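Taking it in order: structure first as C-alpha cells, then the write-up.
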There are 2 protein chains.
Amino acid sequence: MRRKRLDRMQCSIARALDVVGDPWTLLIVRDALLGVTRFEAFQARLQIPRATLTARLAHLVDAGILERRSYQDHPPREEYVPTAKGRGLRPVIVTLMQWGDEFARDDPPPTHLEDASTGLKIEPTLVDRVSGAPLTALRVRAVGPLVPRRG
Amino acid sequence: MRRKRLDRMQCSIARALDVVGDPWTLLIVRDALLGVTRFEAFQARLQIPRATLTARLAHLVDAGILERRSYQDHPPREEYVPTAKGRGLRPVIVTLMQWGDEFARDDPPPTHLEDASTGLKIEPTLVDRVSGAPLTALRVRAVGPLVPRRG
DNA sequence: GGCGTTCGTTCAATCATTGAACGCATGGAG
DNA sequence: CTCCATGCGTTCAATGATTGAACGAACGCC
C-alpha cells in the first residue's frame with residue numbers, strides 16, 4: 001500500500017513528519033547543514049543506497065528543504081544546498097542529537113557543539129523565550145483541538 | 001529488503017532515528033505524552049492501521065520509550081505509558097511542532113503551549129544553557145569525527 | 001442470548017527499500 | 001587514441017513494510 005498521507009491532519013507535527021518521517025531524510029539534512037552538497041558525498045558518508053538517495057533528494061527539493069543548483073556545466077554537475085526551510089530544521093536535529101546522547105548513548109557522545117568564536121561548549125536547552133525558564137521547570141499544557149480531555 | 005540498521009553509526013542522530021525514524025512513532029509518542037494510554041484511543045485519534053499500531057507499540061516498548069502495564073485483570077487490559085526515555089522526547093516533538101508551525105503551516109497553528117500555572121503562552125526557544133544566548137544568534141560549530149573538513 | 005468494548009491477529013494487495021549492476025558524460029594519464 | 005576514474009544517476013529482482021478490511025477472543029451489561 002502507498003504510505004498514508006499525514007499532511008492533511010490538523011497537526012503541525014503530523015505535517016512535519018509527512019516530510020521528515022523516514023529514517024534517512026534527517027540524516028541527509030544533517031549532512032547538508034554540515035556543508036555536504038554532492039550526491040557522492042552523501043552516499044559515501046551515509047552508506048545510503050543510491051536509489052534511495054535519489055528519491056530522498058528529490059523529495060527534499062520538492063518540499064523546499066534543499067535547493068538543487070548546477071555548479072558546473074561541463075560536465076553538468078548538481079549540488080544540493082539547504083534553504084531557509086532546511087536551516088529551520090537545525091533545532092529539530094539538535095534536540096534529536098541530545099536525546100540520542102542521553103538515551104541511546106555510546107559514551108562519550110561522538111559530536112558536540114561549540115561557539116565558533118569563543119570555542120566554548122554549547123549546551124542547548126529549550127526555554128520559554130519570554131520568561132527564560134527551561135520548559136522542564138514549567139508546568140506546560142498543550143492547548144488545541146486535538147488535546148484529549150482529561151479522564 | 002530489510003530496512004538498514006542505523007544504530008551502529010557513530011552518530012547520536014542516526015541512533016535516534018533508528019528508533020524514531022518513521023512516520024508514526026513520534027505521533028504515538030506525542031499522544032502518549034498528552035495522556036493517551038489505550039490501543040483504541042491511539043487508533044481512533046491517528047487513524048493508524050491496527051496492524052501498524054501493534055507493531056509500533058511493540059517497538060516502542062522494546063526500545064524502552066513506552067511501558068506496557070495491565071490496568072485490569074478481567075478482562076485483561078493493557079495500557080501504554082511513557083517512560084523517562086519517552087518523556088525525553090518532548091523537546092524533539094516541541095521543536096518539530098515549531099518547525100511545522102513555521103514552515104508547513106495551516107495558519108493559525110492548531111496547537112500551542114501555555115504555562116499551566118499562569119496561562120501565559122510559551123514560546124519555546126533553543127538557547128545555550130550557560131550563556132543564555134539563542135543558538136540562532138551564535139556561530140555554532142559541530143565538533144567530532146563525522147564533521148566534514150571544509151572545502 | 002445479543003450487543004458493545006478492547007486489543008489485537010490474519011489476509012492479500014501494493015508500496016518502499018535494498019544491493020548490485022549498468023549508463024553516460026567528461027577529464028586525465030600514458 | 002585508449003583506458004580508467006569521477007560524478008550522478010537509472011534499472012533490476014528480491015524482500016520487507018504498510019495498508020484496509022475482516023476476523024477473533026475475552027469479557028460486561030441487560
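Given the structure is predicted, the values throughout are model-derived calculations rather than measurements. Throughout, protein chains are lettered first and strands after them, A, B, ... in sequence-line order, and every chain is numbered starting at 1. Only this structure's heavy atoms are used, side chains among them; waters, hydrogens and symmetry mates stay out.
Of the inter-residue distances, the one linking A/L33 atom CG with A/R90 atom CZ reads 5.0 Å to the nearest 0.5 angstrom. To the nearest 0.5 Å, the span separating SG on A/C11 from CG on B/D31 amounts to 8.0 Å. Taking CG of A/D128 as the start and CD of B/E123 as the end, the distance is 6.5 Å to the nearest 0.5 Å.
Across all their heavy atoms, A/A32 and A/L66 have their closest contact at CB-CD2, 3.9 Å.
If you take CZ of A/R3 and C1' of D/dG16, they are 16 Å apart, rounded to a whole angstrom. Taking atom CZ of residue A/F42 and atom C1' of nucleotide D/dG7, one finds them 14 Å apart after rounding to whole Å. Rounded to whole Å, the distance from CG on B/L66 to P on C/dC7 is 14 Å. Separating the CZ atom of B/F39 from the P atom of D/dG24 is a distance of 17 Å, rounded to the nearest angstrom. A/R5 has its CZ atom 19 Å from the P atom of D/dT18, to the nearest Å. Rounded to a whole Å, the CD atom of B/E78 is 13 Å from the P atom of D/dC27. Here D/dT6 presents its C1' atom at 13 Å from CD of A/Q43, a figure rounded to the nearest Å. In this structure, the CZ atom of A/R38 is 12 Å from the P atom of D/dG9, given to the nearest Å.
Side-chain contact check for A/L46 versus A/R30: some heavy-atom pair is nearer than 4.5 Å.
Here B/E79 does not pair with B/R38 in a salt bridge; the nearest charged N to carboxylate O distance is not below 4.0 Å. Classification of B/D22 and B/R3 as a salt-bridged pair fails, no side-chain N sitting under 4.0 Å from a carboxylate O.
Backbone-only contact: A/R2 has heavy atoms under 4.0 Å from sugar-phosphate atoms and none from a base.
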Between A/L89 and A/I65, does a side chain to side chain contact (heavy atoms under 4.5 Å, CB included) hold up when you go through it step by step?
-> CA-CA 9 Å; A/L89 281 171; A/I65 291 170; 4.2 Å; yes

List the steps, then state whether side chain to side chain contact (heavy atoms under 4.5 Å, CB included) holds for A/L34 with A/R45.
-> CA-CA 12 Å; A/L34 287 173; A/R45 287 168 56 84; 4.0 Å; yes

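With C/dT6, D/dG20, D/dG9 as the candidates, the nucleotide lying closest to the side chain of A/K4 is D/dG20.
Phosphate contact (OP1/OP2 of D/dC8, side-chain N/O of A/Y71, threshold under 4.0 Å): present.
Axis angle, first five pairs versus last five pairs of the helix from C/dG1-D/dC30 to C/dG30-D/dC1: 10°, rounded to 10°.
Of the residues in residues 44-56 of chain A, those with a non-hydrogen atom less than 4.0 angstrom from any atom of DNA chain D are A/R50, A/A51, A/T54.
Heavy-atom distances to DNA chain C give each of B/Y80 and A/W24 a nearest nucleotide, and the one nearer the 5′ end belongs to B/Y80.
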